[in-house]
Undergrad: 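I have a structure I would like to understand better, so I am pasting it below and will then ask my questions one at a time.
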Amino acid sequence: QVQLVESGGGLVQAEGSLRLACAASARTFSTYAMGWFRQAPGKEREFVAAISWRGSITYYADFVKGRFTISRDGAKNTVYLQMNSLKPEDTGVYYCAADSSSARLGGRHQADYWGQGTRVTVSS
């Protein structure tokens with residue numbers, strides 16, 4: 001069982017930055033691909049970014065390319081999402097996800113494990 005705990009959400013003005021963090025259980029972190037999804041009010045959950053278990057491959061949704069960066073720290077069992085140049089349309093609940101397959105998570109946007117989410121609000 002993989003446990004994921006997100007943190008770092010909050011209220012920020014447009015063009016500002018936030019860094020989200022997701023702490024995972026140590027036992028599985030090094031062998032799982034990790035990712036971020038988000039759900040805006042009234043919309044379905046959508047893929048944001050993912051990173052392979054080794055950290056050598058990253059995947060991004062087109063709408064965040066050049067603004068968001070996903071990374072992972074094996075020593076801390078944590079995956080990060082650095083979000084820059086935030087826009088009001090980035091508002092939503094951001095969920096951390098984990099899956100044993102990078103292709104499944106980064107390519108098909110599916111995951112077996114999910115965190116509870118952290119809320120991000122971007123004001124205009």
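The figures here come from the full heavy-atom set of this structure, side chains too, leaving out hydrogens, waters and symmetry mates.
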Undergrad: Please name all residues satisfying side chain to side chain donor-acceptor pair (under 3.5 Å) with Arg67, sequence neighbours left out, ordered by chain then number.
TA: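 Arg67 satisfies side chain to side chain donor-acceptor pair (under 3.5 Å) with Asp90 only.
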Undergrad: Other members of the hydrophobic cluster containing Val5, with the 4.5 Å side-chain heavy-atom rule, please.
TA: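 Answer for Val5: none, a lone residue.
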Undergrad: Not counting sequence neighbours, list each pair that qualifies as a ring-ring contact (aromatic ring centres under 6.0 Å, His included) and has a residue in residues 59-111.
TA: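 Checked against ring-ring contact (aromatic ring centres under 6.0 Å, His included) - neighbours excluded - the pairs reaching residues 59-111 are Phe47-His109.
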Undergrad: Can you pull the side-chain hydrogen bond (donor to acceptor under 3.5 Å, both in side chains) pairs that have at least one residue in residues 9-18, sequence neighbours excluded?
TA: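 Only Ser17-Asn84 qualify under side-chain hydrogen bond (donor to acceptor under 3.5 Å, both in side chains).
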Undergrad: Can you tell me how far CD of Gln82 sits from CD1 of Ile70, rounded to the nearest 0.5 angstrom?
TA: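 Atom-to-atom, Ile70:CD1 and Gln82:CD are 12.0 Å apart.
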Undergrad: Of all residues at least two apart in sequence or in a different chain, which pass the salt bridge (Lys or Arg N to Asp or Glu O under 4.0 Å) check with Glu46?
TA: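 Partners of Glu46 under the salt bridge (Lys or Arg N to Asp or Glu O under 4.0 Å) test: Arg38.
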Undergrad: May I ask you to list the residues sharing a hydrophobic cluster with Leu11, side-chain cutoff 4.5 Å, ordered by chain and number?
TA: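 In the cluster with Leu11 there is nothing else; it is isolated.
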Undergrad: Please step through side-chain contact (heavy atoms from CB on, under 4.5 Å) for the pair Trp36 and Val79, ending with a clear verdict.
TA: CA-CA 9 Å; Trp36 291 93; Val79 62; 4.1 Å; yes
Undergrad: Determine the minimum heavy-atom distance between Ser25 and Val2, stating which atoms define it.
TA: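 Distance-wise, the nearest heavy atoms are OG-CA, 3.9 Å.
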Undergrad: I need the full list of salt bridge (Lys or Arg N to Asp or Glu O under 4.0 Å) pairs touching residues 68-83, with sequence neighbours left out, sorted by first then second residue.
TA: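 Residue pairs with at least one partner in residues 68-83: there are none.
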Undergrad: Does any pair with a residue in residues 37-78 pass disulfide bond (SG atoms under 2.5 Å apart), and if so which ones, sequence neighbours excluded?
TA: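 Checked against disulfide bond (SG atoms under 2.5 Å apart) - neighbours excluded - no pair reaches residues 37-78.
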Undergrad: Transitively linked via ILVMFWY side-chain contacts under 4.5 Å: Tyr32 with Leu4?
TA: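 Tyr32 clusters together with Leu4.
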Undergrad: With sequence neighbours excluded, what pairs up with Thr31 under the side-chain contact (heavy atoms from CB on, under 4.5 Å) test?
TA: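 For Thr31 there are no side-chain contact (heavy atoms from CB on, under 4.5 Å) partners, ignoring immediate neighbours.
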Undergrad: Could you state the interatomic distance from CD (Gln110) to OG (Ser101), rounded to the nearest 0.5 Å?
TA: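 OG of Ser101 is found 9.5 Å from CD of Gln110.
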Undergrad: Please identify which of these residues, Asp99, Ile51, Leu81, Thr78, meets the side chain to side chain contact (heavy atoms under 4.5 Å, CB included) condition with Met34.
TA: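 That would be Ile51.
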Undergrad: Got a list of side-chain donor-acceptor pairs under 3.5 Å for residues 111-124, not counting sequence neighbours?
TA:
from	atom 1	to	atom 2	distance (Å)
Asp112	OD1	Arg104	NH1	3.1
Trp114	NE1	Ala111	O	3.3
Thr118	OG1	Gly9	N	3.1

Undergrad: Quick one: disulfide bond (SG atoms under 2.5 Å apart) pairs with a partner in residues 59-124, sequence neighbours left out?
TA: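 Sorted pair list: Cys22-Cys96.
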Undergrad: Using the salt bridge (Lys or Arg N to Asp or Glu O under 4.0 Å) criterion, which residues pair with Lys65? Sequence neighbours excluded.
TA: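 Result, salt bridge (Lys or Arg N to Asp or Glu O under 4.0 Å) vs Lys65: Asp62.
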